[in-house]
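Below is one structure; the comments refer to it alone.
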2 protein chains.
Amino acid sequence: MMEEKLVSKVKDWIAVATALIKERLEEPLDVERKSNYSDLVTNVDKEVESFFVQQIRKEFPTDKILGEEGMGGEPVTDFSGRVWVIDPIDGTLNFVKQQENFCIMIGIYEDGKPVLGFIYEVMKKELIWGGPQVGVFINDTEINQISTDSLKDSLVNVNTMMFLQNDCHTQEIGLTSLGVRMCGCAGIGFKDTLLGRHHVYISYLQPWDYGAGLVLAETLGFVTIGLDNNKLDLKKRVPVLVTTPIIYQELQETYEEL
Amino acid sequence: MMEEKLVSKVKDWIAVATALIKERLEEPLDVERKSNYSDLVTNVDKEVESFFVQQIRKEFPTDKILGEEGMGGEPVTDFSGRVWVIDPIDGTLNFVKQQENFCIMIGIYEDGKPVLGFIYEVMKKELIWGGPQVGVFINDTEINQISTDSLKDSLVNVNTMMFLQNDCHTQEIGLTSLGVRMCGCAGIGFKDTLLGRHHVYISYLQPWDYGAGLVLAETLGFVTIGLDNNKLDLKKRVPVLVTTPIIYQELQETYEEL
């Protein structure tokens, strides 16, 4: 099956990228700023993305690549055919300051439809991967249940600025829940929601921040939506909600505009 | 040396407690609520504290024990002699909902003076331990440096309710920093500050939440103070700040009342 070959290839590439990241962590990082003071990029982000781009170009020369660091060339505007959505190091701030709590993320789409997603929390050695044709696994264990806890019995993970400004009711949602967590890494936000460690994740996300997670969340039956009433079309930065169907229903009943 | 024997004994007890916790995680937990809906205690918190109390009573029958779950008997009011401050499972909410991100914490004081501290993040297998006579170690590696980063180049870890209400300037501190993290576990808050993963930790803490961390932080030269202008005397719940000397100086220069 096509998906199984792809899974095997991507897992191999992630293993190589992991070795590269760990090797680079032995040396001082070359850190630059992008859009603002806390928006960092390192030599390692670029090198890892370049590695993935090279592998994809070699194996699948007609595929399109949408990567955070733009190493795949021109921005992708046409999502026909196969598109790879890559965040080489998601949680770069954590990578630089903590040397942990960061992920490699790869999403694969075919004509805009989710095919495969991979989120690897590198230092924790936790890979969540899969898609509609193969199921979703955490390392080698298949995931096949979604929590039925209500919001009041759940932890939630939210973006700091959204919480501070009470965007999308994040303060009320946080106060209704058992507790609020903030981790600074979309990959962990998605992965830990899908693993049931918290049941709500809300953050402003770029396409490469949600490309992989969207495949996995939809496959498992989680609700993943843009809170600006836009579908997640991989084209722009939007506030994203990931949650269980039961909590989504609670939120819809509580907040008219969700 | 007295401390070295104590270290060895406590490490052995932590290993036994860890095995017990992991065994209990195979079964459904018995969860009760304490002061409010999100203040949980489980059969495992009580069982682990009982285990430590039994070991201490057997080895050091005249020592006093201040434990979160009160398994050591009457509350400690007199801090003369040797006092053990124990949080059997710090981050019980994480323990129940995530089965990770929780710590065993033990602080040892002699006539109110710090002697030894142990914070063990159980599922991550990370033990930070030590005291003024032996130094501070993360597992087997001695820690002997404190970051000189300023607040604007640091991550900070703050309590959700304090951040929401801007208690102790937590919103301004968060916005000045590179980013805010929330983890729901005082042990991780202390440990990750001492390891340089973030450089500020602010939370309302009970004596058993800061008993172990205070020993370690003071030994390493971190600033650890009560933000209500009270010294940390192990007698009550206070808002606690843990940070590097450099950031403490910055905070003092910025906020008159700190």
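Just so it is clear: chains get the letters A, B, ... in the order the sequence lines come, proteins before strands, and each one is counted from 1.
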For A/Glu142, does the CD atom have more than 12 heavy-atom neighbours from other residues, nucleotides or ligands under 6.0 Å away?
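Yes, because the 6.0 Å sphere around CD of A/Glu142 holds more than 12 heavy atoms from other groups.
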
I'd like to know whether CD of A/Glu27 has more than 12 heavy-atom contacts from other residues, nucleotides or ligands below 6.0 angstrom.
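More than 12 heavy atoms, drawn from other residues, nucleotides or ligands, come within 6.0 Å of this atom.
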
So which of A/Met161, A/Gln98, A/Arg197, A/His199 has the largest heavy-atom pair count under 4.5 angstrom toward chain B?
A/Arg197

So, for A/Gly184 and A/Asn94, which heavy atoms are closest and what is the spacing to 0.1 Å?
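It is O-ND2, 3.5 Å.
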
Which atom of B/Val48 lies closest to which atom of B/Pro88, heavy atoms considered
CG1-CB, 3.7 Å

Max heavy-atom pair count under 4.5 Å with chain A, selected residue of [options]:
options: B/Ser147, B/Cys183, B/Gly179; value: B/Cys183
options: B/Val96, B/Asn101, B/Thr160; value: B/Thr160
options: B/Lys152, B/His198, B/Lys124; value: B/Lys152

Got a list of side-chain donor-acceptor pairs under 3.5 Å for residues 209-227 of chain B, not counting sequence neighbours?
residue: B/Asp209; atom: OD2; partner: B/Gln206; partner atom: N; Å: 2.9
residue: B/Tyr210; atom: OH; partner: B/Leu234; partner atom: N; Å: 3.0
residue: B/Thr219; atom: OG1; partner: B/Val215; partner atom: O; Å: 2.6

For A/Tyr37 and B/Asp153, test the side chains for any donor-to-acceptor distance below 3.5 angstrom and give the result as yes or no.
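A/Tyr37 vs B/Asp153: donor-acceptor pair found between side chains.
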
Contacts with chain A made by residues 169-178 of chain B (heavy-atom distance under 4.5 Å), listed by residue number
B/Gln171, B/Leu175, B/Leu178

Between B/Asn36 and chain A, which part of the residue has a heavy atom less than 4.5 Å away: side chain, backbone, both or neither?
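Neither part.
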
Which answer fits B/Glu100, side chain, backbone, both or neither, if we ask what part of it has an atom under 4.5 Å from a heavy atom of chain A?
side chain

Atom NZ of B/Lys97 and atom OG of B/Ser38: how far apart are they, to the nearest 0.5 Å?
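Those atoms lie 11.5 Å apart.
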
Could you tell me whether the side chain of B/Asp149 reaches within less than 4.5 Å of the side chain of B/Ile246, counting heavy atoms only?
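A side-chain contact under 4.5 Å is absent here.
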
Aromatic rings B/Phe95 and B/Phe102: how do their planes relate, parallel, tilted or perpendicular, breaks at 30° and 60°?
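B/Phe95 vs B/Phe102 ring planes: perpendicular.
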
